[in-house]
Peer 1: 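Sharing a structure here in structure tokens format.
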Amino acid sequence: MNLFTDIRALVIGALEAMQEAGALPQGMDFASVTVEPPRDPAHGDMATNAAMVLAKPAGLKPRAIADDLAARLTGDTRIASAEVAGPGFLNLRLAPSVWQEVVGRILTTRSEFGRSRMGQGVRVNVEYVSANPTGPLHVGHTRGAVFGDALASLLDYAGFDVTREYYINDGGAQVDVLARSVYLRYLEALGQEVAFEDGTYPGDYLIPVGKALARHKGDAWVGQPESVWLDELRDYATDAMMHLIRDDLASLGVEMDVFFSEKSLYGTGRIEAAIEDLDSKDLIYRGVLEPPKGKTPEDWEPREQTLFRSTAHGDDVDRPIMKSDGNWTYFAPDIAYHYDKISRGFDVLIDVFGADHGGYVKRMKAAVAALSEGRVPLDIKLTQLVRLFKNGEPFKMSKRAGTFVTLRDVVEQVGPDVTRFVMLTRKNDAPLDFDFDKVLEQSRDNPVFYVQYAHARVMSVQRRAAEAGIASDPVTLAAADLGKLEHEAELALAKKLAEWPRLVETAARSHEPHRVAFYLYELAGDFHALWNRGNDQPELRFLQEGDAETSHSKLALARAVAVVISAGLGILGVTPAQEMR
RNA sequence: GGUCCCGUAGCUCAACUGGAUAGAGCACCUGACUUCUAAUCAGGAUGUUGGAGGUUCGAGUCCUCCCGGGAUCGCCA
């Protein structure tokens, strides 16, 4: 239930009544009429722009429409007052009972309170992480993993039918490199001296893989040429890496529904089928690309290639799908992969990539537009860099020096909850600073702590209520007399709670889970503020010793805050804290 | 050079997708602990939203151009 949609429906109803009464012309489009909270609370609880957007098409003055509308709206019991202000805004103040009912609704519907039906019947595929299976996940992947996972949860909460998916890049040359690297570790495990040259992965994480292989194979592959072992070792090593990666993800609480193998596209005709589909739309041709504008690369020479006419769907240049040696480029299996997603019946596709894939966005969108004939939208979310700090000092990662920070390092140091929340305290397309010390700090400038603390306080006051012999179980609180919540500070908190369903919808629509984190921070702030006002004004305390009835209504409000925080944290994949000791 | 992203208070960032006088936190100053957890709260200042035009009732948000930072740019995936 979304209060803003309810009130908007009321406004639209009044506008239709005005049409019937001849105060507005027939056949008007009310689509641009909005009902939202005004930025300045002094303007009221909700504001509608109806008079302004309708003035021109109706050929009337905003003021005239607003006055008429105001008079009609005040007839409803939910509307306490309606005032025309500014250039033609209609500011609405709602009756206290409306806000009190919101609290009641939260207690009876619990975590379902913010759930939406906006995504009903819509199947969404969210692809994220999709790191190469050549080693453990590092910090950059962590952000993508958390973002993708929270986005998937958010969409699920908004009613979409969500599939979480990981694309395993196990078809390219990098898995050959992996296999050769494991081969070296295998020889090493059997007592040989080995050297890791350029073009191999020297990471320690392959040592146990080499050892396991040595136990498994004995010395059967020693001294044998690649042709003997490469195919088998490729699969073996990829499997080992995917185990590693799944464990990494599990440590963060990320669980995929589908792992899709790139390799499964080769030799099965699936790439060919996807390209054939494009070809049938006259989007595949042999041709020579122009050299890049500006500085031409030294070794540039014109070459005839097989190209995808991505410019037909908004790209800047056409893109090669086949190398001159006749092998597919990376783009070709990717096209086939998205073709597969489309054919699995998804209505919306979302890809979460690192920022270094920015140049890839247009061609991928072009491919999906072409393959689905514009039916399936593809949204590509790019996650920006994570900059790591310790004691305020940035520290550099270097793959070569082996000093890169893994997902596991981060999770082990600060825990999955903190990792997840912090990764969502910036929007995805802005860089994020991650300070190992700051994220564990217990203060207001650490949003994780601040939100958790609010939840813990509710748990605390409930425990104290129990000690004082005052019940705070869900049934008692749901039956509390909420009419006792009259103070403006209490109603203000209820108003903040009422925004939750609306926030879920806007966050889901824009594919921006960070909005949930920001909302929780604000809600926690409002809660802490009310809590502390109890210091000076005892009547605002959530626990009124000796007055069970009043305590019940105030505890109901506190409980409602905890329910919403808990639901929000649930979307972010964070466990609410019971206490902060 | 092309493309994409970013540019908002001294610092770190918001701004409900086009709404009213652009908001929080940090830092700085003042005040509140025999108290429901002071790990918190209340009060106080700060702006040419990088710049210039345009679209309209209304622009941080949309369009054009420019400035600055980052990413990326035909057989790497």
Side-chain angles (χ1 to χ4, degrees), chain A residues 4 32 34 36-40 42-43 47 49 51-53 55-56 62 85-89 91 132 134 169 171-175 262 288-297 300-303 305 307 315-320 322-331 333-334 354-362 382 384-385 425-427 429-431 433 441-447 449-450 453-454 456-457 460-461 463-465 468 499 502-503 505-507 509-510 512 514-515 518-519 521-522 525 528-536 538 541-545 558 579-581:
Chain A
F4 293 87
S32 53
T34 61
E36 32 189 36
R39 248 188 250 187
D40 185 350
H43 288 138
N49 62 357
M52 284 181 292
V53 295
K56 203 171 197 180
F89 282 102
N91 291 329
N132 287 346
T134 55
N169 291 126
Q174 79 280 6
V175 286
E262 177 193 357
V288 180
L289 286 176
E290 295 285 311
K293 303 263 188 231
K295 204 176 68 178
T296 306
W300 194 91
E301 56 183 70
R303 261 184 226 110
Q305 294 167 295
L307 299 167
D315 202 357
D316 309 305
V317 288
D318 293 338
R319 306 291 177 174
M322 199 180 265
K323 304 178 198 172
S324 48
D325 67 4
N327 285 316
W328 298 113
T329 62
Y330 176 75
F331 189 35
D334 238 6
D356 54 342
H357 284 64
Y360 211 65
V361 171
K362 280 192 178 177
L382 301 177
Q384 269 290 347
L385 237 63
T425 51
R426 289 285 175 274
K427 50 182 172 213
D429 48 14
D433 292 349
E441 206 172 271
Q442 301 202 326
S443 71
R444 173 151 200 178
D445 54 330
N446 180 1
F449 162 76
Y450 192 69
Y453 187 35
R457 271 185 156 170
S460 165
V461 75
R463 284 192 296 269
R464 282 182 178 264
E499 287 178 22
R502 176 180 148 85
L503 183 113
E505 293 189 349
T506 51
R509 211 185 324 272
S510 56
E512 292 182 338
H514 77 275
R515 290 174 184 275
F518 280 101
Y519 169 81
Y521 183 70
E522 288 168 17
H528 286 308
L530 177 57
W531 178 285
N532 273 73
R533 281 182 76 167
N535 288 336
D536 299 327
R541 298 182 179 189
F542 289 104
L543 187 56
Q544 301 286 322
E545 305 250 0
E579 56 179 3
M580 300 300 291
R581 294 177 202 287

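Order of the sequence lines sets the chain letters (A, B, ...), proteins ahead of strands, with each chain counted from 1.
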Peer 1: Just to be sure I understand the rule, does A/G172 reach a base, reach only the sugar-phosphate, or reach nothing, if contact means heavy atoms closer than 4.0 Å?
Peer 2: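 Answer is sugar-phosphate: A/G172 comes under 4.0 Å of backbone atoms only.
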Peer 1: Closest approach to the side chain of A/N535, judged atom by atom: which nucleotide of B/A20, B/U35, B/U72 is it?
Peer 2: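 Looking only at heavy atoms from C-beta outward on A/N535, the closest nucleotide is B/U35.
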Peer 1: So if I take every side-chain heavy atom of A/A529 and compare against B/G19, B/A42, B/A77, which nucleotide ends up nearest?
Peer 2: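 Per side-chain heavy atoms of A/A529, the pick is B/A42.
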Peer 1: Taking the cut-offs as 6.0 angstrom to the six-membered ring centre and 45 degrees off its axis, would you call A/R502 and A/F4 a cation-pi pair?
Peer 2: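 Yes; both conditions hold, so A/R502 lies above the ring face of A/F4.
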Peer 1: Can you tell me how far the CG atom of A/N446 sits from the OH atom of A/Y453, to the nearest 0.5 Å?
Peer 2: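 One gets 14.0 Å once the value is rounded to the nearest 0.5 Å.
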Peer 1: Rounding to an integer number of Å, can you tell me how far A/D318 CG sits from B/G74 C1'?
Peer 2: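 A/D318 atom CG is separated from B/G74 atom C1' by 12 Å.
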Peer 1: So, taking the atom named CD in A/E36 and the one named CD in A/E499, what distance separates them when rounded to the nearest 0.5 Å?
Peer 2: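 Answer for the CD-CD pair, A/E36 versus A/E499, is 11.0 Å.
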Peer 1: Quick check: are there more than 12 heavy atoms from other residues, nucleotides or ligands sitting under 6.0 Å from CD of A/E545?
Peer 2: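 Counting neighbours around CD of A/E545, 12 or fewer heavy atoms of other residues, nucleotides or ligands fall under 6.0 Å, so no.
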Peer 1: Select one nucleotide: of B/U17, B/A77, B/G19, the one nearest the side-chain heavy atoms of A/S510.
Peer 2: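 Within the option list, the nearest is B/U17.
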Peer 1: Just to be sure I understand the rule, does A/A47 reach a base, reach only the sugar-phosphate, or reach nothing, if contact means heavy atoms closer than 4.0 Å?
Peer 2: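 Base contact.
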Peer 1: Taking any heavy-atom pair under 4.0 Å as a contact, classify A/S443: base, sugar-phosphate, or nothing.
Peer 2: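 Counting heavy atoms under 4.0 Å across all strands, the contact made by A/S443 is with sugar-phosphate only.
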Peer 1: Can you tell me which nucleotide in B/A20, B/U12, B/A15 comes closest to the side chain of A/D433?
Peer 2: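 When the side chain of A/D433 is considered, B/U12 is the closest of B/A20, B/U12, B/A15.
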Peer 1: What interatomic distance, in whole Å, is found between P of B/U48 and the corresponding atom of B/G23?
Peer 2: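 Per the computed distance, 15 Å lies between those P atoms.
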Peer 1: Could you state the interatomic distance from CG (A/L503) to CZ (A/R515), rounded to the nearest 0.5 Å?
Peer 2: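 Here the rounded value is 7.5 Å.
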Peer 1: Among B/U17, B/C41, B/G74, which nucleotide sits nearest the side chain of A/R502?
Peer 2: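 Of all the options, the side chain of A/R502 is nearest to B/U17.
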Peer 1: Taking only side-chain N and O atoms of A/R541, does any of them lie within less than 4.0 angstrom of OP1 or OP2 on B/C36?
Peer 2: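 Yes, A/R541 has a side-chain N/O under 4.0 Å of OP1/OP2 on B/C36.
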Peer 1: Should B/A42 form a Watson-Crick or G-U wobble pair with both distances under 3.5 Å, which nucleotide is its partner?
Peer 2: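 Its partner is B/U30 (Watson-Crick or G-U wobble, both distances under 3.5 Å).
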Peer 1: Applying a 4.0 Å non-hydrogen cut-off, can you work out what A/V317 is touching in the nucleic acid: base, sugar-phosphate, or nothing?
Peer 2: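 The answer is nothing, as A/V317 stays clear of every strand by at least 4.0 Å.
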Peer 1: Stacking between B/A20 and A/F89, yes or no? Criterion: centroid separation under 5.5 angstrom, plane angle under 30 degrees.
Peer 2: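 Yes; centroid distance and tilt both under limits.
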Peer 1: Are any of A/R457's side-chain N or O atoms less than 4.0 Å away from OP1 or OP2 of B/A38?
Peer 2: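 So the side chain of A/R457 is within the cut-off, an N or O lying under 4.0 Å from OP1 or OP2 of B/A38.
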Peer 1: Measure from the side-chain heavy atoms of A/N49 and tell me the nearest of B/C5, B/C36, B/G19.
Peer 2: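 Of the options given, the side chain of A/N49 lies nearest B/G19.
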Peer 1: Round to a whole Å and report the spacing from NZ of A/K427 to P of B/C5.
Peer 2: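 In whole Å, B/C5 P and A/K427 NZ are 12 Å from each other.
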Peer 1: Mind calculating the distance between CG (A/L503) and P (B/A15) to the nearest angstrom?
Peer 2: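 For the pair A/L503 CG and B/A15 P, the rounded distance is 10 Å.
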Peer 1: Within the 4.0 Å heavy-atom criterion, would you say A/D334 contacts the bases, only the backbone, or no part of the nucleic acid?
Peer 2: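 Nothing, no nucleic acid heavy atom in range.
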Peer 1: If B/U72 has a Watson-Crick or G-U wobble mate with both distances under 3.5 Å, name it; if not, just say none.
Peer 2: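 Matched B/U72 with B/G2 under the 3.5 Å cut-off.
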Peer 1: Between the main-chain N or O of A/T134 and the side-chain N or O of A/N132, is there a donor-acceptor pair closer than 3.5 Å?
Peer 2: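 Such a contact is absent between A/N132 side chain and A/T134 backbone.
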Peer 1: Nearest whole angstrom, please: distance from the P of B/A15 to the CZ of A/R515.
Peer 2: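 Between P of B/A15 and CZ of A/R515: 5 Å.
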Peer 1: Kindly say whether, by distance alone, the side chain of A/T506 makes a donor-acceptor pair under 3.5 Å with the base of B/C16?
Peer 2: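 Flag unset: no donor-acceptor pair detected.
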Peer 1: Considering only side-chain heavy atoms of A/W531, which listed nucleotide, B/C13, B/A38, B/A77, is closest?
Peer 2: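 Nearest to the side-chain atoms of A/W531, counting from C-beta on, is B/A38.
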Peer 1: With a 3.5 angstrom cut-off on both distances, give the Watson-Crick or G-U wobble partner of B/C65, or none if there isn't one.
Peer 2: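 Its partner is B/G51 (Watson-Crick or G-U wobble, both distances under 3.5 Å).
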Peer 1: Which base sits across from B/A22 as a Watson-Crick or G-U pair, both distances under 3.5 Å?
Peer 2: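 Across any shown strand, B/A22 pairs with none.
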Peer 1: What nucleotide among B/G25, B/A15, B/A38 has an atom nearest to a side-chain atom of A/Y453?
Peer 2: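 Minimum distance to the A/Y453 side chain belongs to B/A38.
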Peer 1: Regarding A/Y519, tell me which of base, sugar-phosphate or nothing describes its non-hydrogen contacts under 4.0 Å with the strands shown.
Peer 2: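 Nothing, no nucleic acid heavy atom in range.
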Peer 1: Just to be sure I understand the rule, does A/R509 reach a base, reach only the sugar-phosphate, or reach nothing, if contact means heavy atoms closer than 4.0 Å?
Peer 2: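 Nothing: the residue A/R509, judged by heavy atoms under 4.0 Å, touches no strand.
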Peer 1: Do any side-chain nitrogens or oxygens of A/H514 fall under 4.0 Å of OP1 or OP2 in B/A15?
Peer 2: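 For B/A15, OP1/OP2 do have a side-chain N/O of A/H514 under 4.0 Å.
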Peer 1: For a quick check of understanding: with a heavy-atom distance under 4.0 Å over all strands, which category does A/E262 fall into, base, sugar-phosphate or nothing?
Peer 2: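 Result for A/E262 = sugar-phosphate.
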Peer 1: Give one of base, sugar-phosphate or nothing for A/P302, where a contact means two heavy atoms less than 4.0 Å apart.
Peer 2: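 It contacts base atoms.
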Peer 1: Suppose we call a contact any N or O donor and acceptor under 3.5 Å apart; does that hold for the side chain of A/N532 and the base of B/A42?
Peer 2: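 Answer no: no donor N or O sits under 3.5 Å from an acceptor.
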Peer 1: Taking the side chain of A/K323 as heavy atoms from C-beta outward, which of B/A24, B/C75, B/U40 is closest to it?
Peer 2: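 So the side chain of A/K323 is nearest to B/C75.
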Peer 1: Between B/G10 and B/G47, how far apart are the two P atoms, rounded to whole Å?
Peer 2: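 Their P atoms lie roughly 8 Å apart.
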Peer 1: Check every strand shown and say whether A/E512 touches a base, only sugar-phosphate, or nothing at a heavy-atom separation below 4.0 Å.
Peer 2: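 Counting heavy atoms under 4.0 Å across all strands, the contact made by A/E512 includes a base.
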Peer 1: Checking contacts here: which listed nucleotide (B/G25, B/A15, B/G74) is nearest the side-chain heavy atoms of A/Y521?
Peer 2: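 Looking only at heavy atoms from C-beta outward on A/Y521, the closest nucleotide is B/G25.
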Peer 1: Taking any heavy-atom pair under 4.0 Å as a contact, classify A/P447: base, sugar-phosphate, or nothing.
Peer 2: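 Result for A/P447 = nothing.
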Peer 1: Expressed in whole Å, how much space separates the P atoms belonging to B/G70 and B/G53?
Peer 2: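 Those two atoms are separated by 28 Å.
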Peer 1: With heavy atoms under 4.0 Å as the rule, sort A/R319 into base, sugar-phosphate or nothing.
Peer 2: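 Touches nothing.
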Peer 1: CD of A/E290 versus P of B/G74: gap in Å, rounded?
Peer 2: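 Nearest whole value for this atom pair: 14 Å.
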Peer 1: Using a cut-off of strictly less than 4.0 Å, decide whether A/R426 has a side-chain nitrogen or oxygen near OP1 or OP2 of B/U12.
Peer 2: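 For B/U12, neither OP1 nor OP2 has a side-chain N or O of A/R426 closer than 4.0 Å.
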Peer 1: Would you tell me if any nitrogen or oxygen in the side chain of A/K362 comes within less than 4.0 Å of OP1 or OP2 on B/C4?
Peer 2: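 So the side chain of A/K362 is within the cut-off, an N or O lying under 4.0 Å from OP1 or OP2 of B/C4.
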Peer 1: Rounding to an integer number of Å, can you tell me how far A/F449 CZ sits from B/G25 C1'?
Peer 2: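 My rounded result for the distance is 14 Å.
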Peer 1: In whole Å, I'd like the distance from the CG atom of A/D429 to the P atom of B/U17.
Peer 2: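 In whole Å, B/U17 P lies 17 Å from A/D429 CG.
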Peer 1: Please give, in whole Å, the distance from B/C73 P to A/F331 CZ?
Peer 2: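 In whole Å, B/C73 P lies 15 Å from A/F331 CZ.
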Peer 1: Would you give the length of the straight line joining atom CD of A/Q305 to atom OG1 of A/T329, rounded to the nearest 0.5 angstrom?
Peer 2: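 One finds 9.0 Å between CD of A/Q305 and OG1 of A/T329.
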Peer 1: Quick one: look up who B/G60 pairs with, Watson-Crick or G-U, both distances under 3.5 Å, and put none if it's unpaired.
Peer 2: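 Across all strands, not a single nucleotide pairs with B/G60.
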Peer 1: Hey, what do you get for CZ (A/R319) to CZ (A/F331), rounding to the nearest 0.5 Å?
Peer 2: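 The CZ atom of A/F331 is 8.0 Å from CZ of A/R319, to the nearest 0.5 Å.
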